[in-house]
**Student:** 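One structure coming up, written as structure tokens, with questions to follow.
For ligands, and for the atoms within them, numbers begin at 1 and follow the listed sequence.
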Amino acid sequence: MIIMIRKEKYLQDVDNEVKMEMYDYYKNNKHEMYKLIENRNCSIELKNIRNRLIEEQINILLDLCLDKEVYILGHNNPDCDSIISSYILSNILKSFDISAHFCILDSNYNYTFHDKKLLDDNFKYTPDIVCDINKYFILVDHNDLQGISKDNVIGAIDHHIIKYEIDNIIEAEYASTSLLIYDLFKNRYKFNDEEKYLIGLATLSDTEYLTSSRFTKYDKILYDELNLDIDVKEYQRKYFITTDFSNSVDDNFLLNKKEYLRDGKKIVRVLITSYDDIKLDEYINRAKELEYLLIWVNYEDNTTTIYYNNDIIKLNYILSSTYLVFKLLEDYKIKERK
Ligand SMILES: [Mn+2]
């Protein structure tokens, strides 16, 4: 197959007015560079360097795609953000004359039940189903290999913690990968209204409908830029799936638990989401018996209750990220000791 490339279509000039010495430091320390790119909140001094590094990373990624047939892949059990970011990125690459496919793998890639209705109602495209993984992939919304050979992965665009399994990663703390892709490419690609709508939906889904702490003021600026005509509360009522309390407590513990390793210690956390606190005590008692960490989020009152190690912590805001709950527990312990 012959693929025609017009490189000038995407290449952008990078800002030359950065402090070369500092720039070289990051350029020569990939680990440090990724960490700088990750942090949207970096100092003003570093902002230009960060921007330049990001633009260069995009150029590197696009360069690597030029002579290849590229498959854009989200994580397994894909959610709205995985599916939409792979779809959108494939459109962007195609606009640069890159042969790109938005895809899923043939096993373990059913849409997650959380987002199935949201996708079924709003997303009309079908991904390519890939059986043979001997292809070139760009990963979106995750950055671990999940069985794919490192040599077959060109790069990744993601908003989760970097696992350092692959090269050429653009990872930053955005509300959704879709919103990150929008920000990365908005000067190079003209997003149409439908694409903006889909990016909005992925962002709603990844932020519990704009209520989670993951949705920062920077994300809000970008989200507003999409200029969507969406009644968020209505979408939340329609599509946001909270814990099904017709299940037994133990079934819900099983369905909503995840294991974490923290300072060498295994912690099992259960995340329960609800519109009231009626069954809260029952769940706390069970978490106590099992010695689990329980995070209970009430989306009606916008409150969070955390049970861990015989302590109950009540928050007057939503904190559903387990990672942030760990940080909160650690801070709380330090304050206790003082
Ligand atoms: Mn995501």
**Student:** Is Asp79 close enough to the Mn ion (ligand 1) to have an N, O or S atom under 2.8 Å?
**Tutor:** no
**Student:** Is the Mn ion (ligand 1) less than 2.8 Å from an N/O/S atom of Asp158, whether that atom is in the backbone or a side chain?
**Tutor:** no
**Student:** Are any of the side-chain nitrogens in Lys94 or Asp97 under 4.0 Å away from the carboxylate oxygens of its partner?
**Tutor:** no
**Student:** Output the atom name for the N/O/S atom of Asp141 with the smallest distance to the Mn ion (ligand 1).
**Tutor:** OD1
**Student:** Can you list the steps and then say if Glu259 with Lys266 is a salt bridge (charged side-chain N to carboxylate O under 4.0 Å, His left out)?
**Tutor:** CA-CA 7 Å; Glu259 282 184 13; Lys266 192 183 91 179; 3.8 Å; yes
**Student:** Closest N/O/S atom of Asp206 to the Mn ion (ligand 1), by atom name?
**Tutor:** OD2
**Student:** Distance check, rounded to the nearest 0.5 Å: Leu228 atom CG versus Ile199 atom CD1?
**Tutor:** 9.0 Å
**Student:** State, without any angle test, whether Asp301 and Thr303 hold a side-chain donor-acceptor pair at a distance under 3.5 Å.
**Tutor:** no
**Student:** With under 30° as parallel and over 60° as perpendicular, where do the rings of Tyr87 and Tyr125 fit, or are they tilted in between?
**Tutor:** parallel
**Student:** Vertex the Mn ion (ligand 1): angle to OD2 of Asp81 and NE2 of His159, to 10°?
**Tutor:** 100°
